[in-house]
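Structure, as structure tokens:
Below, chain A is the first sequence line, B the second, and so on; all start at residue 1. Basis for what follows: all heavy atoms, side chains included, without hydrogens, waters or symmetry-related copies.
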Number of protein chains: 2
Amino acid sequence: MVNDPFRALSHPIRRGIVERLAAGPATVGEATTGFGVSKPAITKHLRVLEDTGVVRRVVEGRTHRLSLEPEVLSLAADWMDRQRALWRRLFDVVDEYLKEEAHR
Amino acid sequence: MVNDPFRALSHPIRRGIVERLAAGPATVGEATTGFGVSKPAITKHLRVLEDTGVVRRVVEGRTHRLSLEPEVLSLAADWMDRQRALWRRLFDVVDEYLKEEAHR
DNA sequence: GATATCGTTAACCCTATGGTTAACGATCCT
DNA sequence: AGGATCGTTAACCATAGGGTTAACGATATC
């Protein structure tokens, strides 16, 4: 509903589904069995993934084929990259400071 | 409580706080003003960030100094990297397939 | 046509989440 | 001591989140 990729990834089952789909498209059954919850629960998780644009669904007869739509996830990945770059810079600054300190 | 970095990042205000702290340590006031919510709301967001290990707090007199503790966020970043690598591989496979197809 | 299979929808439940106001604790400043 | 400032705690509220069972719709299979 809020189209937030981090929200989509905030539940381990949804991350699990994404992991499986990262290996290639799969039916709902293939992509979601073994998580230890009921089918309606799965349906809801899929709805979140679709609403946020992470997963696309194509109905093929009575099965539904899911595939990953990584553009939205890329937004999250890019955010993480930017943050990580800042952490690194922060580490470098601290490092530099400690070196300067050591010279006195 | 569940120590899940994605959960910590699933709210825009918490991501905002992380972004500010990525620029360097700051007091609660410095890191959290301007989000348009009350102070108790901020306190709760900070609690989530602390519980998940993303942020550390050192009390300095009446102010509290917050600093980023990126190890936990790195877990999330690493997960994103692994996934991204898989998407790329998936793209390559599809690319390869389309090329093969074109040769016929 | 009857039945099995894939997956969803409907209705419901409980807890977590995110917000508020009011009051407080602790420190700093005159 | 008295007041301003930083931030938290307490109590409460509304909604979202994640789960269930029961029933269904639509396709496939015998």
Item to check | Per-nucleotide protein contact string for nucleotides 19-25 of chain D, where B marks a base within reach and S marks sugar-phosphate only (heavy atoms under 4.0 Å, - for neither) | outcome: BBBB---
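Here A:Glu19 pairs with nothing under the salt bridge (Lys or Arg N to Asp or Glu O under 4.0 Å) rule; sequence neighbours left out. With sequence neighbours excluded, the residues that form a side chain to side chain contact (heavy atoms under 4.5 Å, CB included) with B:His64 are B:Val28, B:Arg57, B:Val59. For A:Asp81, the side-chain hydrogen bond (donor to acceptor under 3.5 Å, both in side chains) criterion is met by A:Arg84, B:Arg84, not counting sequence neighbours. Looking at residues two or more places apart in sequence or on another chain, you find a side-chain hydrogen bond (donor to acceptor under 3.5 Å, both in side chains) between B:Arg15 and A:Asp4. The side-chain hydrogen bond (donor to acceptor under 3.5 Å, both in side chains) test applied to A:Arg62 returns no partner, not counting sequence neighbours.
B:Thr63 comes within 4.0 angstrom of sugar-phosphate atoms only, judged by non-hydrogen atoms across all strands, and of no base. Using a 4.0 Å heavy-atom cutoff across all strands shown, A:Arg14 reaches sugar-phosphate atoms only and no base atom. If you check every strand for non-hydrogen atoms under 4.0 Å, A:Arg65 touches nothing. Residue-level contact check: B:Arg47 touches neither bases nor backbone, having no heavy atom under 4.0 Å from any strand.
Side-chain atoms of B:Leu9 and B:Leu73, non-hydrogen and from C-beta on, do get closer than 4.5 Å to each other.
The distance between atom CZ of B:Phe6 and atom P of D:dG17, rounded to the nearest whole Å, is 18 Å. Rounded to an integer number of Å, the gap from CD1 of A:Ile42 to P of D:dG17 is 17 Å. If you take CZ of A:Phe35 and C1' of C:dG7, they are 16 Å apart, rounded to a whole angstrom. Nucleotide D:dG18 holds its P atom 11 Å from the CG atom of A:Leu49, rounded to whole Å. Look at CG on A:Leu9: it is 12 Å from P on D:dG18, rounded to the nearest Å.
An OP1 or OP2 oxygen of D:dG17 is reached within less than 4.0 angstrom by a side-chain nitrogen or oxygen of A:Arg7.
Of the two residues near DNA chain D, B:Glu50 and A:Gly61, the one whose nearest nucleotide lies more 5' is B:Glu50.
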